[in-house]
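To find a chain, count down the sequence lines: A is the first, B the second, and so on, and within it residues start at 1.
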Amino acid sequence: MKIFVTVGTTAFPELLNAINKQNIDKIYEMVVQSTQGDLSTFNNAFSFIDDIESWYNWADVIITHAGAGSVYNLLEKQKKLIVVPNTYRQDKHQLELANFVKRNKLALVCYDLTSLMAMLEEVLLMKFNQYSKDDFTGVNLIVDCLFSKN
Amino acid sequence: MKEKIICLAFGKGGHQEQMQRLIIMLAPMLPENITFVIITDSTKRLIVSNTVVAEYKYSEARDKYSLTKSLIKLPYLLFRQLYDMLKISINYDILGIITTGPGVAIVPACYCKALGKKVIAFESWSRFEHASLTGKILHKFSDIFFIQNKSLKEVYKECVYKGKL
């Protein structure tokens, strides 16, 4: 199983530490993306890349922070995901998206980092609902507003 | 005559992703003479077909791990953004500002409103139950305030739902 880990632009050392502690990259083929933190403990890691899409395509399973940019992109690609909300931040808003994902059975959500390995063992076998959304239709409203006199 | 511009204000990560998706839809609908000024805390380039005449980059308004650091940084950001907005308004004819948040957009949006320009704001697509701090502020004076999850209709009195970016 090929695993890609992404934490976007915000530091999430707790997730990286959990992966290390559970020796996940010793058991599975794994690539880690994190813009911050010590990546030297991983066999294959990078801080930032323009072509992150190629790693999304490469992976069988993606462990992602619950940042909306990453999560929505990956749900649209119908990837098998383990979503990990970063509750160590000042604001806890990643929980809202994580709860949405869990409520709609779109992916696995990991609230307890010690259960990461157990989730990896079950994620490929699980069936998830397909993500769908109302596409944005407000562009004309924006244009009308910008060019109206009042 | 001054060049007509639209300010695009957005933060890094998901905020930029929302702006990127919006601009792909919006840019073809705009007259060719409209250009953009970018206001951001992101280091990644926004891909736009229209000309970008200026780009203002700032550090993040809020430290995600420390309230104290945020409070220390905010006055500097406030004055720097006010100065930059003054320059923008002297050099260009601002049509309005569009923002997908977060805090980097607050001062520029307030400045545009004070000049009588249009303010169009999006609550983050990651919000389902609670308003963001930026959303709470911008909602009070935006000409259009978009929510991207219907559940937020119970949170905001006046908002527009037109789907998700």
Side-chain angles (χ1 to χ4, degrees), chain A residues 6-14 35-36 47-50 52 64-76 83 85-104 131-150, chain B residues 4 6 11-18 20-22 24-31 34 41-45 60 62-67 69-70 95-98 102 116-120 122 124-130 132-133 142-144 146 148-151 160-165:
Chain A
T6 178
V7 300
T9 53
T10 306
F12 197 175
E14 296 80 7
T35 55
Q36 296 172 55
S47 58
F48 187 77
I49 191 170
D50 279 334
I52 201 164
T64 176
H65 71 133
S70 304
V71 171
Y72 285 129
N73 262 325
L74 290 165
L75 289 175
E76 286 166 6
V83 177
N86 186 346
T87 54
Y88 299 89
R89 293 165 49 130
Q90 274 278 311
D91 68 274
K92 311 293 180 199
H93 81 267
Q94 287 201 356
L95 277 171
E96 291 195 30
L97 183 58
N99 293 340
F100 165 79
V101 168
K102 185 177 170 64
R103 196 167 53 244
N104 290 285
Y131 170 68
S132 66
K133 64 165 183 154
D134 298 337
D135 286 328
F136 184 69
T137 57
V139 173
N140 287 332
L141 196 59
I142 294 173
V143 174
D144 291 347
C145 176
L146 285 169
F147 292 94
S148 69
K149 292 288 178 200
N150 45 16
Chain B
K4 287 185 188 300
I6 297 169
K12 62 175 73 166
H15 300 281
Q16 180 164 0
E17 176 69 21
Q18 290 169 84
Q20 186 66 71
R21 291 181 182 207
L22 176 65
I24 288 169
M25 290 185 274
L26 179 66
M29 309 284 284
L30 296 172
I34 302 296
D41 61 32
S42 173
T43 52
K44 198 176 157 191
R45 201 169 65 87
E60 266 186 279
R62 185 166 51 164
D63 189 290
K64 286 170 178 168
Y65 294 91
S66 165
L67 180 63
K69 281 184 188 169
S70 301
L95 278 178
I97 184 168
I98 304 173
K117 308 300 181 186
K118 299 293 167 52
V119 177
I120 296 159
F122 286 75
S124 171
W125 56 5
S126 65
R127 297 286 175 163
F128 292 82
E129 295 137 31
H130 302 101
S132 65
L133 180 61
S142 295
D143 294 278
I144 311 175
F146 287 105
Q148 300 188 67
N149 293 298
K150 281 181 186 168
S151 51
V160 177
Y161 175 79
K162 289 284 182 184
K164 193 177 285 185
L165 289 165

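Heavy-atom pairs under 4.5 Å with chain B were tallied for A:T137, A:V71, A:N99; the largest tally goes to A:T137. Of all the listed residues (B:N149, B:D143, B:L26), the one sharing the greatest number of non-hydrogen pairs under 4.5 Å with chain A is B:L26. Listed options B:L95, B:I98, B:T43, B:L165 were ranked by heavy-atom pairs under 4.5 angstrom with chain A; first place goes to B:L165. Counting heavy-atom pairs closer than 4.5 Å to chain B, the top residue among A:G8, A:G69, A:A98, A:A68 is A:A68. Chosen from A:G138, A:G67, A:C145, the residue pairing most often with chain B at heavy-atom distances under 4.5 Å is A:C145. When B:Q148, B:R21, B:H15 are compared by the number of non-hydrogen pairs under 4.5 Å with chain A, B:R21 comes out ahead.
Using a 4.5 Å heavy-atom cutoff, the side chains of B:Q18 and A:F136 are not in contact. At a threshold of 4.5 Å between non-hydrogen side-chain atoms, the residues B:F122 and B:L22 count as touching. Two residues are said to be in side-chain contact when any heavy atoms from C-beta on lie closer than 4.5 Å; A:E96 and B:R127 meet this criterion. The closest side-chain heavy-atom distance from B:I6 to B:L30 is below 4.5 Å. Taking the side chain as every heavy atom from C-beta outward, A:I142 and B:F146 approach each other to under 4.5 Å.
Interface remark: B:I120 contributes side-chain atoms only to the contact with chain A (heavy atom separation under 4.5 Å). Only the side chain of B:K150 comes within less than 4.5 Å of a heavy atom of chain A; its backbone N, CA, C and O stay farther away. Looking at B:K117, neither its backbone nor its side chain comes within 4.5 Å of chain A, counting heavy atoms on both sides. The part of B:V160 that comes within reach of chain A is its side chain, from C-beta onward, which places non-hydrogen atoms under 4.5 angstrom from that chain. Using a 4.5 Å cut-off between heavy atoms, A:S148 contacts chain B through both its backbone and its side chain. Looking at B:F128, both its backbone and its side chain come within 4.5 Å of chain A, counting heavy atoms on both sides. Looking at B:K118, the atoms closer than 4.5 Å to chain A (heavy atoms on both sides) all sit in the side chain, from C-beta outward.
Geometrically, B:K164 engages A:F100 in a cation-pi contact, judged by NZ or CZ lying under 6.0 Å from the ring centre and within 45° of the ring axis.
Residue pairs satisfying the salt bridge (Lys or Arg N to Asp or Glu O under 4.0 Å) criterion with at least one member in residues 135-145 of chain A, sequence neighbours excluded, are listed as follows: A:K133-A:D135.
The shortest heavy-atom contact between A:Q94 and A:N86 is OE1-N, 2.7 Å.
Under a 3.5 Å cut-off, the side chain of B:E129 and the backbone N or O of B:S151 do not form any donor-acceptor pair.
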